[in-house]
Amino acid sequence: RDRGPGKGGIRYHPGVTLDEVKALAMLMTWKCAVVNVPYGGAKGGIVCDPTNMSQREIEALTRMYTAEISMIIGPEKDIPAPDINTNPQVMSWIVDTYSAKKGYFSPGVVTGKPLELGGSKGRFRATGRGVAIAVDGILKHKDIDIQTATVAIQGFGNVGSATAFFLDQMGCKITGLTDASGGIFNEEGIDIPEILEYVSGAGKGLIKGYPKGEFEKDLDSANKRLLESKVDVLIPAALDGQIHGNNAENIRARVVVEAANGPTTPEADKILSKNGITLVPDILANSGGVTVSYFEWVQNLQAKSWREEEIDQNLADMMKRAFDDVLSVSVKEKVDMRMAAYMVAFDRVAKVAQLRGIYA
Ligand code: NAD
C-alpha cells in the first residue's frame, strides 16, 4: 500500500486459497507500479462455486462479505474490482452495502461498475486497447511494419477479441485465433469485424461455426498449431501456463505479447530468450484494464464523467509512457523486458517506501 490504496479483483471460485490471493495481490502491486497508477496491490477471494448458486445466494454472499470487510475497503483504502466469476452486478451490491454502512453513497469503493452507477466508458475494451499499444511499441522497436505484421491470438473473450479489433484497425493481419471451442486459421487474414459480429450473435460467444477459413475443432491441436505458427506476433490471451518447457522450443513468433496473466512459465521464458524471441510481459502488456479502472475511480472522486475520447487518449498516453520506461531500462541494463518491468516497478515502490520511512 506504499503508493496508494490497494487495488485488485475479487474472485469467487472453489479453488481460491490464501496463498493464491496473496500472490495475486503482489502481482497487482507491480502492475500498478509499472503503469504508474497511484495504487498498491490487493486481491480478494471467496471459496465458493457460483455456477451452483442462485443469484439470490450470490447477492447474500456478496453483501455479507462486503459488510465483513467494510472496515478495510474504501475509496482511500482498498478498491476492489471484478475478477473470475464476479461482474458489474456484484460490484453494484458492494457499492450498495458499503454505502449503507457508511451512510452516504460511495461509488468509488469499487471499479468495474455499470455505467449507471459510476462505471467508466471505455473499460470494456481497455485491456485489449492497451495490448494493441504494446504490440505497436514492440513492432516499432523491432523495425517490423505493423501494416504487414501477422498475428496469432489465443483466446477470443474480453481481452483477445478487443486486441484483435484494435490490431485489425492498425493494419495487422490476424492469421489464427483459438478459443474454448477450437481454432480458425486463414493465411489471407481473418475478417475481424465479421467474426466479431458472428461471435456476439449466432456463435453465442464462441468462434465455432464461423464459416470462413480453416476450422480446427480439436482444441489441443488448434492451440498447438496456433502457438507454434510462424507469425510476427503471438498473443496468448486466454489462460496461464500456455507456453511451457515442452513447447517453448517450437515457438516461431518473433515477438510474444502476454495479454493473459502468466501465460509463459519461467522455464519457457529462458528458452524464448535464448532463441532471440522478444517478450512483452503481462504486468506491462495487460495493464490497460487497471489503468481505466483508475480513471473510473478518479471520475467517481471528481463526481464527473469523462468523454470516451478523453479516456482513450489518457490510456494511450499512460501505456506508451510505461512501455517506453520499460524498454529503455531493458536496453540500458541489457535485460529482457520482464526483468526490466520488475526493475521499473520495484524502483517505484522502493523509492516511496524509502521516502515515507516508518509506516509504509
Ligand atoms: P474471458 O473469459 O472473457 O475470455 C477467455 C477466452 O479464452 C475465451 O474466448 C475462452 O473461450 C478462451 N479459452 C478458454 N479456454 C481456452 C483454451 N483451452 N484454449 C484457447 N482458448 C481458451 O477472459 P478475459 O477477461 O479475456 O481474460 C483473459 C486473460 O486475460 C486472463 O488471463 C485474465 O486474467 C487476463 N486479464 C484480463 C483483464 C481484463 O480486463 N479482462 C485484464 C488483465 C488481464
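The structure presented is a predicted model; accordingly, all values stated were derived computationally and were not measured. Nothing fancy with the numbering, it's 1 onward along the sequence. Order of listing sets the numbers, starting from 1, for every ligand and every atom in it. Just so it is clear, the values below take in all heavy atoms, side chains as well, and ignore hydrogens, waters and symmetry mates.
Residue-ligand proximity, Ala260 to ligand 1, at heavy-atom distances under 4.0 Å covers atoms 29 (C), 30 (O), 32 (O), 35 (C). Heavy-atom contacts of Arg123 reach the following atoms of ligand 1: 40 (O) (cutoff under 4.0 Å). Heavy-atom contacts of Thr127 reach the following atoms of ligand 1: 38 (C), 39 (C), 40 (O), 42 (C), 43 (C) (cutoff under 4.0 Å). Atom numbering of ligand 1 starts at 1 in the shown order; those under 4.0 Å from a heavy atom of Thr178 are 20 (C).
Residue-level proximity to ligand 1 for Asn223 is carried by the side chain, the only part with a heavy atom below 4.0 angstrom. Neither the backbone nor the side chain of Ser161 has any atom closer than 4.0 Å to an atom of ligand 1 (non-hydrogen atoms only). Neither the backbone nor the side chain of Pro263 has any atom closer than 4.0 Å to an atom of ligand 1 (non-hydrogen atoms only).
At under 3.5 Å, a nitrogen or oxygen of Gly157, whether backbone or side chain, sits near a nitrogen or oxygen of ligand 1. Checking only distances, Val159 does come within under 3.5 Å of ligand 1, N or O to N or O. Ligand 1 has a nitrogen or oxygen under 3.5 angstrom from a nitrogen or oxygen of Phe156. Not a single N or O atom of Asn286, backbone or side chain, sits closer than 3.5 Å to an N or O atom of ligand 1. The shortest N or O to N or O distance between Ala180 and ligand 1 is under 3.5 Å.
Aromatic ring pairs are classed by plane angle as parallel below 30°, tilted from 30° to 60° and perpendicular above 60°; the pair Trp306 and Phe295 is tilted.
Using a 4.0 Å cut-off between charged nitrogen and carboxylate oxygen, Lys351 and Asp347 count as a salt-bridge pair. The pair Glu194-Lys212 counts as a salt bridge, with a side-chain nitrogen and a carboxylate oxygen less than 4.0 angstrom apart. Under 4.0 Å is where a charged nitrogen must lie from a carboxylate oxygen, and between Asp317 and Arg321 no such pair does. Checked for salt-bridge contact, Lys208 and Asp179 miss the test: no charged N lies under 4.0 Å from a carboxylate O.
Considering only non-hydrogen protein atoms, atom 28 (C) of ligand 1 sits nearest to Ala237 O, 3.5 Å. Closest to atom 31 (C) of ligand 1 among all protein heavy atoms lies Ala238 O, 3.5 Å. Of the protein's non-hydrogen atoms, the one nearest atom 16 (C) of ligand 1 is Leu239 CD1, 3.7 Å.
Closest to atom 36 (N) of ligand 1 by heavy atom, among Ile283, Val290, Asn261, is Asn261. Residue nearest to atom 1 (P) of ligand 1, selected from Asn158, Ile207, Asp240: Asn158 (by heavy-atom distance).
At least one protein heavy atom sits closer than 4.0 Å to atom 40 (O) of ligand 1.
For the pair Thr148 (side chain) and Asp145 (backbone), a donor-acceptor distance under 3.5 Å is present. Judged by distance alone, with hydrogens and angles left aside, the side-chain atoms of Gln154 form no donor-acceptor pair with the main-chain N or O of Leu227 at under 3.5 Å. Here the side chain of Asn186 pairs a donor or acceptor atom with the backbone of Glu188 at under 3.5 angstrom.
Between Gln242 and ligand 1 there is no heavy-atom distance shorter than 4.0 Å.
Donor-acceptor pairing under 3.5 Å is lacking for the side chains of Gln242 and Asn223. For Ser293 and Lys7, the side-chain atoms include no donor-acceptor pair closer than 3.5 Å.
The CG atom of Leu234 sits 14.0 Å away from atom CZ of Arg254, with the distance rounded to the nearest 0.5 Å.
The distance between the ring centers of Tyr39 and Tyr294 falls below 6.0 angstrom.
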